[in-house]
Engineer: 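Structure below; questions to follow.
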Amino acid sequence: MTKKKDIDPRKYSRVVVDGLAQAPSRAMLRAVGFKEEDFAKPQIGVASTWSMVTPCNMHINELADLAAKGADASGGKSVVFNTITVSDGISMGTAGMRYSLISREVIADSIEAVVAAEGFDGLVAIGGCDKNMPGCVMAMARLNRPSIFVYGGTIQPGPNNRDVVSVFEAVGGITAGRISSEELYEVESTAIPGPGSCAGMYTANSMASAIEAMGLSLANSSAQEAVSGEKKTDCELAGSAVVNLVQKGIKPSDILTRESFENAITVVIALGGSTNAVLHLLAMAHDAQIDLTLDDFTRIGKKVPVLADLRPSGQYMMSELIRIGGIQPLMKTLLDAGLMHGDCLTVTGETLASNLSLVEPYPDGQNIVRELDNPIKPDSHLAILYGDLAPEGAVAKISGKEGSLFTGSARVYHSEEKALESILDGTVIAGDIVVIRYEGPKGGPGMREMLSPTGAIIGRGLGDKVALITDGRFSGGSHGFVVGHVSPEAANGGPIAIVRDGDKITIDANKKTIDIEISSNELTQRMNNWTPEPPLVTRGLLSKYARLVSSASKGAVTDIE
């Protein structure tokens with residue numbers, strides 16, 4: 001692409017630093033390291049999600065410095081700043097998990113605030129945990145200034161290919177008598193050996209792959225280990241590339257189109273990615289002003305197969321996919337098959353098709369990614385369900401290994417903790433459908449992930465014998481017959497609020513339905529007799545979120561009027 005004649009690479013920063021009236025601004029910037037010549041350069045904000053609260057982000061300060069180095073070497077003036085992160089894995093199963101999804105909004109809001117207030121001309125954002133990534137992209141879309149996302153990278157697996165999900169499932173295993181306390185301790189002590197995001201195709205790797213497919217990251221940014229030399233190079237190149245975007249005037253609105261979101265959905269499906277990708281892509285599309293709905297996932301899912309045999313439902317880890325070439329050969333396969341839009345612009349300044357033109361196929365003999373004519377599943381594992389229990393939709397993760405039809409008796413719980421206790425003590429038995437409600441965006445508040453209950457179900461050997469439905473959501477590490485994002489949620493008077501113990505529920509992934517087997521008159525009567533639960537909290541961040549948040553079917557965003 002040729003540089004546009006009317007591009008001002010200092011469109012935003014000159015307002016802050018040019019002219020007599022801005023002498024105080026320049027004085028303050030000199031104190032943080034600006035030299036006289038820096039005021040004439042485009043300013044590049046580097047948003048770092050570094051934190052020592054989680055291994056996902058503990059190394060990102062170094063990556064941010066490398067991105068800043070790349071920007072400075074290419075004629076920009078970098079400014080590194082921080083935003084928050086919270087750990088899903090550490091807070092999982094506790095009240096602290098209510099802050100996980102909320103952190104996505106805090107991250108997006110804080111990046112928007114800093115970049116807009118400081119007048120940065122471009123942005124590099126580096127995220128390493130589930131909510132960092134959509135939060136960064138949401139801010140990029142709102143700001144619409146030249147931007148690149150860098151993934152912090154995946155963790156290396158522990159011994160015997162263990163990861164964090166191995167620990168959750170070991171907890172279920174010990175209560176079922178399948179492993180000893182010594183074995184649990186050994187798993188706990190070795191599963192997470194160092195920096196990086198969770199090791200399977202869980203939410204972090206799913207979102208990193210989706211963002212690369214959308215064109216907001218450089219090639220294979222989603223498929224590099226956190227501690228690798230490739231990841232360090234990726235950061236420096238991103239810093240340089242964002243200066244190029246500033247010079248050419250290429251903004252997120254040039255990259256984030258309906259077609260680019262369809263590319264992201266396609267890649268998530270082919271990889272067998274997380275249900276959280278549905279929630280986050282809806283939210284990212286909202287901020288990009290793209291009309292994306294749950295039905296788009298169904299439409300695309302009819303023609304896109306699951307090709308990658310990756311955890312949690314498959315065998316392999318992200319590090320093993322990295323060793324055979326990452327996701328670039330997969331995208332090339334999908335593009336050649338007409339399943340991706342090759343004319344979408346990317347942060348390289350070139351189209352997706354151009355970026356993929358020289359990509360080599362996966363090596364012969366690998367078993368991680370299958371050929372199109374031999375898929376793991378011929379259509380999407382992400383099933384959008386509608387019915388009596390989910391008039392606005394629900395999201396199921398059906399790999400096919402657990403079957404596609406489940407009818408069972410409801411065991412109803414008003415919180416994750418109560419459900420987990422019943423799973424671990426043996427109250428939940430084969431044939432049950434565990435119903436966990438008042439865990440939605442508003443009712444939780446915060447829409448907690450149910451990895452502890454699903455991990456316990458798998459650990460007790462009930463993965464194909466017990467289903468779980470919730471107005472909350474699932475970790476990317478969850479697998480089994482699970483349905484989340486049930487909308488409307490119980491706190492808003494959705495039908496999930498009136499389910500009773502013993503009610504028969506049928507989940508049909510083929511028909512895309514989720515229904516309760518009671519008469520319409522009985523359903524209406526129960527709904528008329530329903531009364532709202534009192535709010536769990538009335539002050540602070542959780543209370544504000546509960547008052548503002550939209551339905552999960554709309555991405556659980558907080559600025560829909």
Side-chain angles (χ1 to χ4, degrees), residues 46-64 82-94 96-111 124-140 149-157 163-165 167-168 191-212 216-217 221-227 231 234-235 273-277 279-281 283-284 311-312 317-319 446-449 451 473-478 556:
V46 180
S48 169
T49 57
W50 171 82
S51 173
M52 288 301 291
V53 305
T54 171
C56 306
N57 298 65
M58 61 188 286
H59 62 302
I60 285 180
N61 55 342
E62 178 185 358
L63 300 185
N82 275 91
T83 183
I84 69 155
T85 192
V86 301
S87 171
D88 294 356
I90 295 171
S91 64
M92 195 75 70
T94 75
M97 186 65 193
R98 293 191 173 97
Y99 289 90
S100 169
L101 184 57
I102 296 173
S103 74
R104 184 190 74 182
E105 313 308 308
V106 176
I107 291 163
D109 292 349
S110 63
I111 293 175
V124 178
I126 309 172
C129 196
D130 298 7
K131 311 310 167 299
N132 301 166
M133 285 171 270
C136 288
V137 173
M138 290 163 70
M140 291 173 176
F149 176 78
V150 176
Y151 180 38
T154 193
I155 195 172
Q156 294 177 337
D163 63 4
V164 67
V165 175
V167 190
F168 280 97
I192 304 172
S197 298
C198 297
M201 190 47 63
Y202 311 146
T203 303
N205 284 318
S206 296
M207 292 314 303
S209 300
I211 293 167
E212 180 178 332
L216 278 179
S217 296
S221 182
S222 68
Q224 295 162 342
E225 290 184 335
V227 296
K231 179 50 62 184
D234 181 42
C235 293
S274 168
T275 54
N276 278 321
L279 190 76
H280 296 323
L281 285 167
M284 291 152 60
R311 291 190 182 184
M317 296 184 133
M318 192 66 183
S319 57
M447 204 179 181
R448 289 191 289 179
E449 293 181 345
L451 181 56
R473 60 196 175 94
F474 297 109
S475 162
S478 292

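Along the sequence shown, residues carry numbers from 1.
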Engineer: By the definition side chain to side chain donor-acceptor pair (under 3.5 Å), identify the one residue from Asp163, Asn276, Asp130 that meets it with Tyr202.
Structural biologist: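 So, applying the side chain to side chain donor-acceptor pair (under 3.5 Å) to Tyr202 and each of Asp163, Asn276, Asp130, only Asp163 qualifies.
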Engineer: For residues Met201 and Gly273, report the shortest heavy-atom separation together with the two atoms involved.
Structural biologist: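 That would be CG-CA, 3.9 Å.
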Engineer: The criterion is salt bridge (Lys or Arg N to Asp or Glu O under 4.0 Å); which residues satisfy it with Lys131, sequence neighbours excluded?
Structural biologist: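 Residues passing salt bridge (Lys or Arg N to Asp or Glu O under 4.0 Å) with Lys131: Asp88, Glu449.
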Engineer: Less than 4.5 Å apart, any side-chain heavy atom of Tyr151 and any of Ser197?
Structural biologist: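 Yes, close enough: below the 4.5 Å cut-off.
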Engineer: Judged by atom type as modelled, is there a donor-acceptor pair below 3.5 Å linking the side chain of Trp50 to the main-chain atoms of Met58?
Structural biologist: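 Such a contact is found between Trp50 side chain and Met58 backbone.
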Engineer: Please determine whether side chain to side chain contact (heavy atoms under 4.5 Å, CB included) holds for the pair Leu101 and His280, giving the CA-CA distance in whole Å, both sets of side-chain angles, and the decisive distance to 0.1 Å.
Structural biologist: CA-CA 10 Å; Leu101 184 57; His280 296 323; 3.9 Å; yes
Engineer: Looking just at side-chain N and O atoms, do Thr85 and Ser51 make a donor-acceptor pair shorter than 3.5 Å?
Structural biologist: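 Judged by distance alone, the side chains do not pair up.
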Engineer: Between Ala125 and Met140, which heavy-atom pair has the shortest distance, and what is it?
Structural biologist: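 Scanning both residues completely, I find the closest heavy atoms to be CB-CE, 3.6 Å.
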Engineer: Applying side chain to side chain contact (heavy atoms under 4.5 Å, CB included), run through Ile107 and Arg104 and close with a yes or a no.
Structural biologist: CA-CA 5 Å; Ile107 291 163; Arg104 184 190 74 182; 5.8 Å; no
Engineer: State, to 0.1 Å, how close Ser209 and Met318 come at their nearest heavy-atom pair, and which atoms those are.
Structural biologist: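 In terms of heavy atoms, the two residues are closest at OG-CE, 4.4 Å.
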Engineer: In Å and rounded to the nearest 0.5 Å, what is the CE to CZ distance from Met92 to Phe168?
Structural biologist: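 So the CE of Met92 and the CZ of Phe168 are separated by 5.0 Å.
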Engineer: Evaluate the side-chain proximity of Ser48 to Ile126: yes if any heavy-atom separation is below 4.5 Å, no if none is.
Structural biologist: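 Result no, sub-4.5 Å side-chain heavy-atom pair not found.
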Engineer: Are Leu279 and Met447 close enough, and set up right, to give a side chain to side chain contact (heavy atoms under 4.5 Å, CB included), and what steps lead you there?
Structural biologist: CA-CA 11 Å; Leu279 190 76; Met447 204 179 181; 4.2 Å; yes
Engineer: Donor-acceptor pair, distance only, cut-off 3.5 Å: does the side chain of Lys231 make one with the backbone of Ser221?
Structural biologist: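 Answer holds: yes.
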Engineer: How long is the span from the CG atom in Asn61 to the CE atom in Met52, to the nearest 0.5 Å?
Structural biologist: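 Separation between the atoms: 8.5 Å.
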Engineer: Would you say the side chain of Ile211 lies within less than 4.5 Å of the side chain of Ser222, judging by non-hydrogen atoms?
Structural biologist: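 No; the side chains remain at least 4.5 Å from each other.
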Engineer: Under 4.5 Å between any side-chain heavy atoms of Ser319 and Gln156, yes or no?
Structural biologist: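 Of all side-chain heavy-atom pairs linking Gln156 with Ser319, none is under 4.5 Å.
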Engineer: Looking at Met133 and Gly128, what are the two nearest heavy atoms and their distance?
Structural biologist: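 Shortest heavy-atom separation between Met133 and Gly128 comes out as CE-C, 4.4 Å.
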Engineer: Measure across Gly127 and Asn132 and return the closest heavy-atom pair with its distance rounded to 0.1 Å.
Structural biologist: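 What the structure gives for the nearest pair is CA-CB, 3.7 Å.
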Engineer: Is the side chain of Asn57 donor-acceptor paired with the backbone N or O of Thr49 at a distance under 3.5 Å, no angle test?
Structural biologist: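 It does hold such a pair.
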Engineer: Which atoms form the tightest heavy-atom contact between His59 and Gly196, and what is the distance?
Structural biologist: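 Heavy-atom minimum between the residues: CE1-N, 4.1 Å.
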Engineer: Please answer whether the main-chain N or O of Cys198 pairs with a side-chain N or O of Asn205 as donor and acceptor at a distance below 3.5 Å.
Structural biologist: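 Yes; judged by distance alone, with no hydrogens or angles, the pair exists.
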Engineer: If only side-chain N and O atoms count, and only distance matters, is there a donor-acceptor pair under 3.5 Å linking Arg473 with Ser100?
Structural biologist: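 Yes, because at least one side-chain N or O of Ser100 sits under 3.5 Å from a partner of the opposite role on Arg473.
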Engineer: Between OG of Ser103 and CZ of Arg98, what distance do you get to the nearest 0.5 Å?
Structural biologist: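 One finds 15.0 Å between OG of Ser103 and CZ of Arg98.
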Engineer: With a 4.5 Å heavy-atom cut-off, do Ile90 and Val53 have their side chains touching?
Structural biologist: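 No - every pair of side-chain heavy atoms lies 4.5 Å or more apart.
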Engineer: Using modelled atom types only, decide if a donor and an acceptor are shared between the side chain of Ser87 and the backbone of Thr54 within a distance under 3.5 Å.
Structural biologist: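 Not a single qualifying donor-acceptor pair exists.
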Engineer: Are the side chains of Ile111 and Cys136 in contact, using a 4.5 Å heavy-atom criterion?
Structural biologist: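 Cys136 reaches Ile111 side chain to side chain.
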Engineer: Measure the shortest side-chain to side-chain distance between Gln224 and Asp234 over non-hydrogen atoms and say whether it is less than 4.5 angstrom.
Structural biologist: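 They are in side-chain contact.
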